[in-house]
Amino acid sequence: QVQLVESGGGLAQAGGSLRLSCAASGRTFSSYDMGWFRQAPGKAREFVAAITWSDGIKYYEDSVKGRFTIDRDNAKNTIALQMDSLKPEDSARYSCAAKRTTGPLRPPSGYDYWGQGTQVTVSS
């Protein structure tokens, strides 16, 4: 069992930065692939970024490449999402998720545990 708690959301201006953190509880955190997803009102949840547990390979949704960075610290049971050059279209509720099994990292349905999320609002 893994419990996830996000923090770090808030209000930012376009072009600004925010850093999201996700704290995980559970002994086997280091063996889970981890992802960040976001959901804006009236839209489906979408993949933002993911990082594998075995070799730390990172994946990003095209619209955030070069602006967002995902990192993990297995010793501290945390992952982070550094968001730079924010745009109004980045506004959404961001959630971290843990994936126990092998398979594609992008589909939300492949993840086993989810946090409650943290709101990010970017003003123009």
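Numbers for residues simply follow the sequence, beginning at 1. Owing to the predicted nature of the structure, the values given are computational and were not obtained by experimental measurement.
- F37 and Y111 have perpendicular rings, their planes meeting at more than 60° on a 0 to 90° scale where under 30° would count as parallel.
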Please determine whether salt bridge (Lys or Arg N to Asp or Glu O under 4.0 Å) holds for the pair D90 and R67, giving the CA-CA distance in whole Å, both sets of side-chain angles, and the decisive distance to 0.1 Å. CA-CA 11 Å; D90 294 320; R67 300 189 298 121; 2.8 Å; yes
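- Cation-pi check for R45 over W114 is met; the charged atom lies under 6.0 angstrom from the ring centroid and within 45 degrees of its normal.
- Enclosure of atom CD in Q3 is not indicated, since only 12 or fewer non-hydrogen atoms of other residues, nucleotides or ligands lie within 6.0 angstrom.
- Here the CG atom belonging to D73 is positioned 9.0 Å from the CG atom belonging to D71, to the nearest 0.5 angstrom.
- Side-chain heavy atoms closer than 4.5 Å link hydrophobic residues (I, L, V, M, F, W, Y) into clusters, and following such links, possibly through other members, connects V2 to W36.
- Atom-to-atom distance recorded for C96:SG and L20:CG is 9.5 Å, nearest 0.5 angstrom.
- Connection of I57 to F47 is established within a shared hydrophobic cluster, with ILVMFWY side chains joined at heavy-atom distances below 4.5 Å, either directly or through further cluster members.
- Considering only heavy atoms from C-beta on, V48 comes within 4.5 Å of L81 through its side chain.
- Using a distance-only test at 3.5 Å, with no hydrogens or angles considered, a donor-acceptor pair links the side chain of E6 to the main chain of G117.
- At a threshold of 4.5 Å between side-chain heavy atoms, the hydrophobic network of Ile, Leu, Val, Met, Phe, Trp and Tyr places I79 and L105 in two separate groups.
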Steps toward side chain to side chain contact (heavy atoms under 4.5 Å, CB included) verdict (Y59, T52): CA-CA 9 Å; Y59 300 85; T52 60; 3.9 Å; yes
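- In terms of modelled atom types and a separation under 3.5 Å, the side chain of Q39 and the main chain of K43 share a donor-acceptor contact.
- The two residues A92 and A40 make their nearest non-hydrogen contact at CB-N, 3.9 Å.
- The two residues L4 and A24 make their nearest non-hydrogen contact at CD2-CB, 3.5 Å.
- Proximity of Y94 to M83: side-chain heavy atoms (C-beta onward) are separated by under 4.5 Å at one or more points.
- Taken from OG in S109 to NZ in K99, the straight-line distance is 8.0 Å, to the nearest 0.5 Å.
- Under a hydrophobic clustering in which Ile, Leu, Val, Met, Phe, Trp and Tyr are joined whenever their side-chain heavy atoms come within less than 4.5 Å, directly or via other members, Y113 and W53 fall into different clusters.
- Looking at N77, its side chain never comes within 3.5 Å of a backbone N or O of S25 through a donor-acceptor pair.
- R93 contributes a side-chain N or O that, together with a main-chain N or O of Q116, makes up a donor-acceptor pair within less than 3.5 Å.
- For the pair Q119 and T121, the minimum side-chain heavy-atom distance is below 4.5 Å.
- The heavy-atom pair separating R38 from S63 by the smallest distance is NH2-OG, 3.5 Å.
- Scanning both residues, A12 and S17, for their nearest heavy atoms gives CB-O, 4.5 Å.
- Pairing each heavy atom of G9 with each of V120, the nearest pair is CA-CG2, 4.2 Å.
- Linking ILVMFWY residues whenever their side-chain heavy atoms come closer than 4.5 Å, directly or via other members, places Y60 and I51 in the same cluster.
- Heavy atoms only, all atoms of each residue included: A14 and P88 are closest at CB-CD, 4.1 Å.
- Other residues, nucleotides and ligands contribute more than 12 heavy atoms inside 6.0 Å of the NZ atom of K58.
- Defined by atom type and a distance below 3.5 Å, a donor-acceptor pair is present between the side-chain atoms of Q82 and R19.
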